[in-house]
Enquirer: 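Questions regarding the structure given below will be posed in turn.
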Amino acid sequence: MQPVELFLASRYLFAKRSVRFVNIITIISIGGITIGVAALLIVLSVFNGFSGIVTKVLVGFDPHVRIEKSGGFDSTQYSNIERAVHSLPQVIASAPVLSGKAMIITKNRNVVVIVRGVDEQKVSTVSGLNSSIIAGELKFNPSSEVGGMVIGLTLAEQLGCMVGEEVTVVSPGDFEAMFQTIATPEFKSFRITGIFLSNNKEYDANYAYVSLPWAQSLFNVGGQIHALEARLTNFEDAEFVKNELSKKLPSDIQISTWQDLHLDLYFVMMLERWAGYIILSLIIVVASFNLMGSLAMSIVEKKRDIGILQTLGMTSRRIKKAFIYEGLLVGIIGTTLGILLGIFVLYLQVNYQLFALDTSVYIIPAIPVEIHAIDFLSVAVVSLGLSLLSAYYPSNKITEYQPSECIRWE
């Protein structure tokens with residue numbers, strides 16, 4: 001900014017000795033920008049907070065990377081993939097998984113669930129299953145006549161089962177064989193050894209974990225394994241690991257990151273975030289129109305001053321810059337006040353939980369907030385950019401003014 005233009009801009013903005021209509025519109029513009037900026041920062045921080053909670057829940061329970069193939073792997077293929085996975089320094093653990101649908105039968109009701117066969121010793125290194133146990137323990141008893149099973153809390157309520165009770169499980173293959181050969185399907189018995197709570201309704205209501213040998217026997221797949229799940233030192237490296245593995249493994253192998261496993265959820269969250277950003281930006285847009293109107297009237301009001309400045313040798317271009325700077329000053333003031341107001345509200349929410357949640361329904365006591373510097377930067381850029389655009393159009397009219405006409409008619 002040049003000193004003369006900035007001096008004129010600040011004088012026209014701050015040195016008005018009477019309250020006029022133009023002043024009121026300018027104050028309204030500042031207030032609109034302030035509210036718009038504060039609302040944007042608060043909403044974006046709330047979206048960040050919820051996204052952080054969701055990611056924490058999902059990443060805490062899910063593996064960071066999953067490698068699978070249609071039809072599964074035999075023991076040799078699995079060993080090769082395991083070596084390739086552990087050749088990356090980001091990988092700290094891996095575990096085999098066998099998954100399929102089956103029906104759990106109890107005296108109360110029958111429920112179709114997803115049965116996941118896992119290695120009892122390795123599953124805790126790649127997922128949060130063990131840390132999510134709220135009743136019983138993670139124990140599968142793979143060598144006993146009755147297998148162990150760990151189920152979600154919601155599923156346990158649906159089945160009416162508690163730790164220690166036995167359930168019967170039958171696979172779709174057994175049902176198919178029954179209809180084809182008119183034979184009795186092979187039922188397998190499992191004892192509930194643990195109940196977990198992952199805070200994910202899909203898992204808590206639809207997942208049951210058994211030992212890998214019992215799952216292979218249940219689905220009659222021999223020594224086959226459907227997938228390998230890996231844990232990383234930092235879950236944010238998942239995309240990098242995925243790209244590296246895609247170079248080492250055959251093209252028919254599917255590699256999914258923790259985000260790919262819940263792609264629909266993250267897409268909806270991103271869509272909501274952008275929708276909120278665009279809608280709340282309209283507040284700043286409306287304030288910018290007010291700013292455009294106030295500057296236009298201010299230019300008309302200062303027409304005599306403009307003529308005098310032109311007579312003294314100041315070019316129309318420099319006078320135009322002065323009014324553009326005035327609009328920018330309004331944007332800076334409104335943006336600064338909006339950031340301060342937003343930080344104040346977020347501070348109150350973090351420390352005093354102004355907006356509480358019902359803990360019997362939600363897993364958190366209050367609306368979460370998470371402040372990201374990039375949000376402040378993007379909101380400030382949008383706010384100042386709209387302020388500049390609002391100031392440009394009315395200021396451009398100054399180039400049409402002639403000094404003699406300005407002084408004569410004023």
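Quick note: numbers below take in every heavy atom, side chains included, and nothing from hydrogens, waters or symmetry partners.
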Enquirer: Short question: side chain of Asn48, backbone of Ile371 - any donor-acceptor pair under 3.5 Å?
Expert: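 No, because the side chain of Asn48 does not come within donor-acceptor range (under 3.5 Å) of the backbone of Ile371.
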Enquirer: Report yes if the side chains of Lys69 and Ile81 come closer than 4.5 Å at any heavy-atom pair, otherwise no.
Expert: no
Enquirer: How far apart are the C-alpha atoms of Val91 and Leu232, what are their side-chain angles, what is the distance that settles it, and do they pass the side-chain contact (heavy atoms from CB on, under 4.5 Å) test?
Expert: CA-CA 4 Å; Val91 178; Leu232 311 180; 3.7 Å; yes
Enquirer: Do Asp252 and Ser70 come within less than 4.5 Å of each other through their side chains, counting heavy atoms only?
Expert: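 Contact flag for Asp252/Ser70 side chains = no.
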Enquirer: Are Leu40 and Ile284 packed together at the side-chain level, in the sense that at least one heavy-atom pair is separated by less than 4.5 angstrom?
Expert: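 Leu40 vs Ile284: side chains touch.
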Enquirer: Apply side-chain contact (heavy atoms from CB on, under 4.5 Å) to the pair Val369 and Val46, showing each step before the final yes or no.
Expert: CA-CA 5 Å; Val369 295; Val46 169; 3.9 Å; yes
Enquirer: For the CG atom of Leu271 and the CZ atom of Arg273, what is their distance to the nearest 0.5 Å?
Expert: 12.5 Å
Enquirer: Taking all atoms of both residues into account, what is the closest heavy-atom pair of Val37 and Ser383, and its distance?
Expert: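 So the two residues come closest at CG2-OG, 3.7 Å.
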Enquirer: Count the heavy atoms of every other residue, nucleotide or ligand shown that sit under 6.0 Å from NZ of Lys242, and state whether that count exceeds 12.
Expert: yes
Enquirer: Do you know which two heavy atoms are closest between Ile195 and Cys161, and how far apart they sit?
Expert: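 That would be CD1-O, 4.4 Å.
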Enquirer: Look at the side chain of Trp258 and the backbone N and O of Ala238, then say whether any donor-acceptor pair between them is shorter than 3.5 Å.
Expert: no
Enquirer: Could you walk me through whether Asp375 and Tyr277 pass the side-chain contact (heavy atoms from CB on, under 4.5 Å) check?
Expert: CA-CA 10 Å; Asp375 292 335; Tyr277 185 87; over 6 Å; no
Enquirer: Is there a side-chain contact between Gln90 and His64 in this structure, where contact means two heavy atoms from C-beta onward sitting under 4.5 Å apart?
Expert: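 Gln90 vs His64: side chains apart.
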Enquirer: If you define the side chain from C-beta out and look only at heavy atoms, does anything of Asn206 sit under 4.5 Å from Lys201?
Expert: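 No - every pair of side-chain heavy atoms lies 4.5 Å or more apart.
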Enquirer: Could you check whether any side-chain N or O of Thr125 sits under 3.5 Å from a backbone N or O of Lys122, counting only pairs where one atom can act as donor and the other as acceptor?
Expert: yes
Enquirer: Starting at CD1 of Ile151, measure out to CZ of Phe190 and round the result to the nearest 0.5 Å.
Expert: 12.5 Å
Enquirer: Measure the spacing between CG of Leu337 and CZ of Phe344 and express it to the nearest 0.5 Å.
Expert: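 Reported value, rounded in 0.5 Å steps: 14.0 Å.
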Enquirer: Look at atom CG of Asn220 and say whether more than 12 heavy atoms of other residues, nucleotides or ligands are closer to it than 6.0 Å.
Expert: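 12 or below, so no.
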Enquirer: Quick check: are there more than 12 heavy atoms from other residues, nucleotides or ligands sitting under 6.0 Å from NZ of Lys248?
Expert: yes
Enquirer: Would Gln216 and Ile225 count as a side-chain contact (heavy atoms from CB on, under 4.5 Å) if you check the C-alpha gap in whole Å, the side-chain angles of each, and the deciding distance to 0.1 Å?
Expert: CA-CA 8 Å; Gln216 291 170 333; Ile225 294 170; 4.1 Å; yes
Enquirer: Indicate yes or no: at least one non-hydrogen side-chain atom of Asn130 is less than 4.5 angstrom from one of Val123.
Expert: no
Enquirer: Quick one: does Thr257's side chain have a donor or acceptor within less than 3.5 Å of a partner on Val65's backbone?
Expert: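 Judged by distance alone, no pair lies under 3.5 Å.
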Enquirer: Just one of Val118, Leu138, Asp119, Leu129 clears the side-chain contact (heavy atoms from CB on, under 4.5 Å) bar with Ser124, so which one?
Expert: Leu138
Enquirer: Using every non-hydrogen atom in the two residues, find where Val57 and Ser198 come nearest and quote the distance to one decimal.
Expert: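 Distance-wise, the nearest heavy atoms are CG1-O, 3.4 Å.
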Enquirer: Nearest 0.5 Å, what's the CD-CE distance between Glu166 and Met149?
Expert: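 CE of Met149 is found 11.5 Å from CD of Glu166.
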Enquirer: What are the two closest non-hydrogen atoms of Ser99 and Ile114, and how far apart are they?
Expert: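 Residues Ser99 and Ile114, closest heavy atoms: OG-CG2, 3.4 Å.
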Enquirer: Which of parallel (below 30°), tilted (30 to 60°) and perpendicular (above 60°) describes Phe61 and Tyr203?
Expert: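 Answer is tilted, since the angle falls between 30° and 60°.
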Enquirer: Parallel, tilted or perpendicular: which one describes the rings of Tyr207 and Tyr209, with boundaries at 30° and 60°?
Expert: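 Aromatic pair Tyr207/Tyr209 classed tilted.
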Enquirer: Would you check if the side chain of Glu165 reaches a backbone N or O of Ile192 as a donor-acceptor pair within less than 3.5 Å?
Expert: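 No, because the side chain of Glu165 does not come within donor-acceptor range (under 3.5 Å) of the backbone of Ile192.
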Enquirer: Determine the minimum heavy-atom distance between Pro63 and Leu261, stating which atoms define it.
Expert: O-CD1, 4.3 Å
Enquirer: Any side-chain heavy atom of Asn199 within less than 4.5 Å of one from Leu197?
Expert: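 A side-chain contact under 4.5 Å exists here.
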Enquirer: Mind listing the closest non-hydrogen atom pair of Gly147 and Trp214 along with its distance?
Expert: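 In this case the closest contact between Gly147 and Trp214 is N-CZ2, 3.3 Å.
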Enquirer: Which distance, rounded to the nearest 0.5 Å, do you find between the OG of Ser171 and the CE of Met103?
Expert: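 These two atoms lie 11.0 Å from each other.
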Enquirer: Within the distance-only criterion (no hydrogens, no angle test), does the side chain of Gln349 pair as donor or acceptor with the backbone N or O of Ile367 below 3.5 angstrom?
Expert: yes
Enquirer: At what distance, to the nearest 0.5 angstrom, does OG1 of Thr168 lie from CD1 of Ile105?
Expert: 6.0 Å
Enquirer: Taking side chain as C-beta onward, heavy atoms only, is Tyr266 less than 4.5 Å from Met270?
Expert: no
Enquirer: Could you tell me whether a side-chain N or O of Glu272 sits under 3.5 Å from a main-chain N or O of Met269, the two making a donor and an acceptor?
Expert: no
Enquirer: Does any N or O in the side chain of Glu229 come within less than 3.5 Å of the main-chain N or O of Arg66, such that one atom is a donor and the other an acceptor?
Expert: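 No; judged by distance alone, with no hydrogens or angles, the pair does not exist.
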Enquirer: Backbone N or O of Phe140 within a donor-acceptor pair of the Glu120 side chain at under 3.5 Å?
Expert: yes
Enquirer: Within the side chain of Ser51, is there an N or O that forms a donor-acceptor pair under 3.5 Å with the backbone of Phe47?
Expert: no
